[in-house]
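These notes concern the structure reproduced below.
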Amino acid sequence: MDPIEFQTTFDTDQYIFSEGDPGDCAYIIDTGMVEVSLEKDGRRHVMATLTKGDILGEMAIIDRQPRSASARAIVPTVVTAIPLDYISQKIEQSDPTVRMFLRLAMARYRDMNARLGQVFDELSHLQEDATVGTYASTTMELKSVMSQFEEMQKRIDTAVSSPSTAANPAMFGEQTLRETKNQIVEEKLLSTALAQKQFRLHYQPIIDLASNTIAGCEALVRWNHPSGELLGPLHFIPLAESSGMIVDLGYWIAEEACQFQSRLCNDFQQEIAVSINLSARQFEDQFLVATLGDIMDRTGARRDLVKFEITESLLMDNPELATQSLQQLKDAGVKLAIDDFGTGYSSFSYLHRFPFDTLKIDRVFVSAMARSEKSNQIVRSLVNLSHDLGMDVVAEGIESEREAEIMREYQTGYGQGFYFARPVTEAEFVKLLSQPRIDLAG
Ligand code: C2E
Ligand code: CA
Ligand code: CA
């Protein structure tokens, strides 16, 4: 979807929304000016005049109530829409404490608004009957409501203050607004990319170091961007993870990779394992294990030749969930690998608690071996310890004959890296398979 679709232009006097309309969008004003008003006793009362960078219509969205006021452009105005579905999804995905806080703040805000409304009603009656005693008590009530309101505002400010908002006296700095808008547009582009099948999988061979033959491959996702560029995962996986889109994208990746695994066995008579990366975020989906099982059944993939790679962050952030899901995957008959070992908290003390078949030594250790004797020792110990724990080892990021040689010497078992082959298309991978030994890319 073109980013421009999120922006709408309103002419002078055109209504953005009216009282009673369903609250389906909040808006950020890009340029122009908007008057927010309320109809009461046949008269229109102006409540606020908003300009560039201000937000409107958010109450009805968070509250899920119809619009309680009208908004009209008073000069030609451009706004960026933030759809209800988008915000609802964000709120559901946010930390439970933030969610609770938001609900609490909204409940208080609503309550305070109702009380302010009552006080204003009383004040307008007072103008009519001018009773001094009532006037004094109403003024006191008004003061108390106002001071409570200010107190709450202060608390919200403290709770939401971040370096960017603290530095800017306005509630939302330019930067926050820009980031919000970019995120909305990019997430939309990403989900469109999935719907329009713009993602591709490449496969990087995993080599049996003793024989220099292909033992398996790792599926690595790319985005065939409409601009013509083939984007690597580091350009979009972080956003797919933070937006939750990785769940759907992950299923698409698993489906593609399992289809390929099935073809390798059935069409090419090759017993080649296919490794699939799983992000920690995907484990938040309670149907993960069941859905992956369905995908393997549907595609006819050989479960013992499907391997899921996960990183340490999953084990560290949520050990209970990890233990449970990993065991379920293991019970489903697939293989498991711990990826990027050595880059995170890397502790062998917890490794034996999880049912891994393979340990992948991160490329930073492999590339540091030439420079540091310590790295050599670490790699050697890692290999030995892994084997003692019954795991295979894959050395990642082998870029030279020297590194391959050392890994062979340490009996590492398997290697992966540009020295052997880069990630390639499915057709190119099949061609590599037809060679008796891997042609070295150099
Ligand atoms: P990773 O799982 O560690 O994947 C290996 C990365 O190292 C790949 O980068 C690969 O191209 C690169 N690589 C392989 N050999 C060499 C080498 O000899 N030298 C150097 N410098 N690099 C080498 P890529 O494809 O850019 O993927 C980066 C990361 O993106 C992956 O790291 C993985 O964390 C993530 N990723 C890739 N595909 C997927 C996916 O399908 N799902 C998820 N959740 N994450 C993925
Ligand atoms: Ca990996
Ligand atoms: Ca890795």
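Counting starts at 1 for both ligands and their atoms, in listed order.
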Check each heavy atom of Gln416 against ligand 1 and say whether those closer than 4.0 Å belong to the side chain, the backbone, both or neither. neither
Just need the protein heavy atom nearest to atom 18 (O) of ligand 1, so name the residue and atom and give the distance. Phe418 N, 2.8 Å
Show the numbers, then the answer: is there a salt bridge (Lys or Arg N to Asp or Glu O under 4.0 Å) between Asp392 and Lys335? CA-CA 11 Å; Asp392 289 338; Lys335 299 277 193 283; over 6 Å; no
For residues Phe236 and Phe199, establish whether the separation of their ring centroids is below 6.0 Å. yes
Considering only protein heavy atoms, which is closest to atom 28 (C) of ligand 1, and at what distance to one decimal place? Pro233 CG, 3.7 Å
Side chain or backbone of Lys360 under 4.0 Å from ligand 1, or both, or neither, by non-hydrogen atoms? neither
Sidechain N-carboxylate O distance under 4.0 Å for Glu35, Arg72: yes
Check: of Ile398, Leu220, Thr343, min heavy-atom distance to atom 31 (C) of ligand 1 comes from Leu220
May I ask whether Glu396 has any heavy atom positioned less than 4.0 angstrom from an atom of ligand 1? yes
Answer with side chain, backbone, both or neither: which part of Val221 has a heavy atom less than 4.0 angstrom from an atom of ligand 1? both
Heavy-atom proximity to atom 29 (C) of ligand 1, best of Ile246, Leu249, Leu234: Leu234
Nearest protein heavy-atom contact for atom 11 (O) of ligand 1: which residue, which atom, what distance? Pro423 CG, 3.4 Å
Test of understanding: given a 4.0 Å heavy-atom threshold, classify the contact between Ser279 and ligand 1 as side chain, backbone, both, or neither. both
Need the ligand 1 atom indices (1-based, order shown) with element for anything under 4.0 Å from a heavy-atom of Ile253. 40 (C), 41 (O), 42 (N)
Kindly assign one of parallel, tilted or perpendicular to the pair Phe260 and Phe429, based on the angle between their ring planes and the thresholds 30° and 60°. perpendicular
Which part of Thr311 is near ligand 1, with near meaning a heavy atom under 4.0 Å away: side chain, backbone, both or neither? neither
Which of the numbered atoms in ligand 1 are below 4.0 angstrom from a heavy atom of Glu399? 17 (C), 18 (O), 19 (N), 20 (C), 21 (N)
In the structure I gave you, are the side-chain heavy atoms of Asp340 and Arg363 within less than 4.5 Å of one another anywhere? no
Between Asn266 and Ser262 (side chain of the first, backbone of the second, donor and acceptor by atom type, cut-off under 3.5 Å), is there such a pair? yes
Residues Lys431 and Glu428 bridged, charged N to O under 4.0 Å: no
Nearest heavy-atom neighbours spanning Met407 and Thr412: O-OG1, 2.8 Å
With the Ca ion (ligand 3) at the centre, find the angle made by OD1 from Asp340 and OE2 from Glu396, to 10°. 150°
Chi angles and distances behind the side chain to side chain donor-acceptor pair (under 3.5 Å) call for Asp285, Tyr251: CA-CA 11 Å; Asp285 176 16; Tyr251 288 137; 2.4 Å; yes
More than 12 heavy atoms of other residues, nucleotides or ligands under 6.0 Å from NE2 of His235: is that the case? no
Can you tell me if an N/O/S atom from Asn277 lies under 3.0 Å from the Ca ion (ligand 2)? yes
Tell me, which N, O or S atom in Glu309 is closest to the Ca ion (ligand 2)? OE1
Are the charged groups of Asp339 and Lys307 less than 4.0 angstrom apart, N to O? no
Glu218 and ligand 1 - part of the residue with a heavy-atom distance under 4.0 Å: side chain
Is atom 6 (C) of ligand 1 touching the protein, meaning some protein heavy atom lies under 4.0 Å away? no
Can you tell me if Gly232 has a non-hydrogen atom under 4.0 Å from ligand 1? no
For the CZ atom on Arg298, are there more than 12 heavy atoms of other groups (residues, nucleotides or ligands in this structure) within a distance under 6.0 Å? yes
I would like to know whether Glu187 and Lys90 meet salt bridge (Lys or Arg N to Asp or Glu O under 4.0 Å); could you show each step before the answer? CA-CA 12 Å; Glu187 283 181 17; Lys90 290 278 152 192; 2.9 Å; yes
Can you give me the closest heavy-atom contact between Asp357 and Val334, atom names plus distance? OD2-O, 4.4 Å
Could you walk me through whether Arg402 and Glu405 pass the salt bridge (Lys or Arg N to Asp or Glu O under 4.0 Å) test, one step at a time? CA-CA 5 Å; Arg402 177 93 195 97; Glu405 261 316 303; over 6 Å; no
In Glu218, which N, O or S atom comes closest to the Ca ion (ligand 2)? OE2
Would you mind checking which non-hydrogen protein atom is closest to atom 45 (N) of ligand 1, with the distance to 0.1 Å? Asn277 CB, 3.8 Å
Does ligand 1 have an atom under 4.0 Å from some heavy atom of Arg222? yes
Tell me whether Gln204 has any N or O atom under 3.5 angstrom from an N or O of ligand 1. yes
Ligand 1 N/O within reach of Leu201 N/O, cut-off under 3.5 Å: no
Return yes when at least one N/O/S atom of Asp339 is nearer than 3.0 Å to the Ca ion (ligand 3), and no when none is. yes
Is the closest protein non-hydrogen atom to atom 9 (O) of ligand 1 under 4.0 Å? no
Looking at Ala219 and Leu201, what are the two nearest heavy atoms and their distance? CB-CD1, 4.1 Å
What atoms of ligand 1 come within less than 4.0 Å of a heavy atom belonging to Gly397? 16 (C), 17 (C), 18 (O)
Asp340: numbered ligand 1 atoms lying under 4.0 Å from its heavy atoms: 3 (O)
